[in-house]
Amino acid sequence: MANILSGIVTKGVGGLYEVKVTSSCELEGARVTCGARGGIRQTKKIPTIGDHVDISSTGDPDVPYIIDRIHKRRNILVRPPVSNLDTIVLVFACKDPVPDLKLLDKMLIISAGLDIRPVIVFTKEDLEQDSCNELRGIYSRAGYDVFVSDRGSAANDKALIEMISKGITGFAGPSGVGKSTLINSFFEDEIMKTGSVSDRLKRGKHTTRHVELVDYGEGYVIDTPGFTSLSLFELGVEYTEVVRGFPEIAELAEGCRFDDCRHINERDCAVKAALEEGTVDPGRYERYKEFYEELYALRNTYGGRPKK
Ligand SMILES: Nc1nc2c(ncn2[C@@H]2O[C@H](COP(=O)(O)OP(=O)(O)OP(=O)(O)O)[C@@H](O)[C@H]2O)c(=O)[nH]1
Ligand SMILES: [Mg+2]
């Protein structure tokens, strides 16, 4: 019987995968090229970066190994397409491009649903220090770990280094915000291409196009291409799940008169009271309400989660 090895998928291009061997054997740590067995495709499970897999040798020098089995995933993210993330660093610029806080809040809802620890980095502090600090205040008061960065400076922060040194960490956010710049700053050599934001395309000239697992400390980091939109409905998020991305609102709910208070127009709502006192950020609350109402309306129209 062929020798079965375990590994982790680090790269995937055109139906071929690079797998880093993790079994303790003479190949441990080596990166080998693998195909995927037809049977895996029939189960509609396509190997994804971050997957733990079993591989066996084929005897074919061009494609020396084949992926026989994908281990059960802890989670899988559609955007960026990666599995088994432990941490997600959500990177948004304070300026150029303007921070899309709806997208940030959607990512926070999604990470909470998938049990991925979110960390927020606001970049380009050199361009807009005041709004960078304001954003840091809003999101740290909401309960998140937030860092600000000036051309990769957050990579010198010991707390951030520790957060990304274990498990699998993905860096995600819009194009041109400085994800690759930040990742490069964690390393001595430039490992990711970065580029100035082109005026015409409004995105980095060396915009990241592929996803790859790179060793960092005892774990891995993944740079990902930027994206601009994301539909909570298409990702199967229910209106009842929106509050997961708003820990500051969830925490206040105990003080509401009704157990099932939605914090929209109920009487004696602790969230509404906090909003009037100025202890809940109005922008965050508006986005909570908007997502809730939108998903509630879609659910009533379509009757639940769309088919995957
Ligand atoms: N002023 C300033 N510019 C920055 C900062 N961080 C990155 N940049 C610049 O922003 C541009 C885009 O940076 P990238 O690191 O390529 O951005 P990205 O998020 O990886 O972009 P995509 O790969 O397209 O998703 C480059 O010209 C960087 O030099 C920063 O903190 N301040
Ligand atoms: Mg990039």
Side-chain angles (χ1 to χ4, degrees), residues 10-13 49-50 77-82 85 87-108 110-111 116 118-140 145-161 163-164 168-216 220-230:
T10 54
K11 224 196 262 191
V13 183
I49 315 297
L77 203 62
V78 179
R79 270 185 189 212
V82 280
L85 279 189
T87 305
I88 189 159
V89 180
L90 301 169
V91 186
F92 284 75
C94 302
K95 190 185 174 188
D96 292 342
V98 281
D100 182 347
L101 301 181
K102 267 177 81 167
L103 188 62
L104 170 56
D105 290 345
K106 285 180 185 176
M107 292 297 292
L108 291 169
I110 289 159
S111 356
I116 303 173
V119 176
I120 303 170
V121 178
F122 290 113
T123 58
K124 311 204 185 186
E125 190 199 9
D126 52 311
L127 300 183
E128 192 73 71
Q129 203 179 14
D130 288 351
S131 68
C132 228
N133 283 328
E134 195 184 321
L135 287 169
R136 173 175 26 200
I138 291 171
Y139 283 88
S140 28
D145 289 312
V146 188
F147 299 85
V148 295
S149 191
D150 168 353
R151 284 153 295 183
S153 65
N156 300 321
D157 193 306
K158 286 211 173 68
L160 182 58
I161 293 174
M163 285 177 194
I164 69 160
I168 305 183
T169 302
F171 286 69
S175 187
V177 294
K179 297 179 295 298
S180 301
T181 303
L182 177 61
I183 294 183
N184 280 335
S185 310
F186 287 103
F187 294 86
E188 300 208 341
D189 308 312
E190 182 172 301
I191 53 158
M192 303 297 169
K193 277 219 184 323
T194 63
S196 54
V197 178
S198 98
D199 286 340
R200 196 169 59 82
L201 296 171
K202 292 280 176 223
R203 60 179 195 205
K205 280 190 189 135
H206 286 291
T207 194
T208 305
R209 295 191 199 285
H210 69 283
V211 178
E212 181 181 346
L213 211 66
V214 175
D215 293 282
Y216 184 78
Y220 302 92
V221 294
I222 312 176
D223 193 1
T224 69
F227 57 92
T228 48
S229 66
L230 189 146

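Side chains included, hydrogens not; waters and symmetry mates left out as well; all remaining heavy atoms used. Note that ligands are numbered from 1 as they come in the structure, with each ligand's atoms numbered from 1 the same way.
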Is it the case that the side chain of [X] and the backbone of [Y] share a donor-acceptor pair, with hydrogens and angles ignored and the cut-off at 3.5 Å?
X      : Y      : value
Ser140 : Val146 : no
Lys95  : Asp126 : no
Thr123 : Ser149 : no

#### Entry: ligand 1 versus Ala93: contacting region, heavy-atom distance under 4.0 Å
neither

### Mode of Val177 contact toward ligand 1 - side chain, backbone, both, neither (heavy atoms, under 4.0 Å)
both

### Task
Determine, considering heavy atoms only, which of Arg151, Lys95, Lys179, Glu128 sits nearest to atom 30 (C) of ligand 1.
Arg151

### Query
Looking only at non-hydrogen atoms, which of Leu182, Val91, Asn184, Asp126 approaches atom 32 (N) of ligand 1 most closely?
Asp126

### Task
Would you sort out whether Leu103 and Phe92 count as a side-chain contact (heavy atoms from CB on, under 4.5 Å), showing the intermediate values?
CA-CA 10 Å; Leu103 188 62; Phe92 284 75; 4.2 Å; yes

### Minimum-distance pair of heavy atoms, taken over all atoms of Thr224 and Lys179
O-CE, 3.2 Å

### Query
Closest heavy-atom contact between Val119 and Met163?
CG2-SD, 3.8 Å

Could you tell me whether some N/O pair between [X] and ligand 1 is separated by less than 3.5 angstrom?
X      : answer
Lys124 : yes
Thr123 : no
Leu127 : no
Glu125 : no
Pro225 : no
Thr224 : no
Asp223 : no

### His210/Val13 under side-chain contact (heavy atoms from CB on, under 4.5 Å): CA gap, chis, key distance, verdict
CA-CA 9 Å; His210 69 283; Val13 183; over 6 Å; no

Check ligand 1 against [X] and write out every atom of the ligand that is under 4.0 Å from a heavy-atom position of the residue.
X      : answer
Ser149 : 31 (O)
Asp150 : 31 (O)
Gly226 : 25 (O)
Thr181 : 6 (N), 7 (C), 13 (O), 14 (P), 15 (O), 28 (C)

#### Entry: Residue Ser175, metal the Mg ion (ligand 2), N/O/S under 2.8 Å
no

### Message
Is there a side-chain contact (heavy atoms from CB on, under 4.5 Å) between Leu182 and Phe147? Walk through the geometry before answering.
### Response
CA-CA 12 Å; Leu182 177 61; Phe147 299 85; over 6 Å; no

### Task
Kindly assign one of parallel, tilted or perpendicular to the pair Tyr139 and Phe122, based on the angle between their ring planes and the thresholds 30° and 60°.
tilted

### Task
Would you sort out whether Tyr216 and Thr169 count as a side-chain contact (heavy atoms from CB on, under 4.5 Å), showing the intermediate values?
CA-CA 9 Å; Tyr216 184 78; Thr169 302; over 6 Å; no

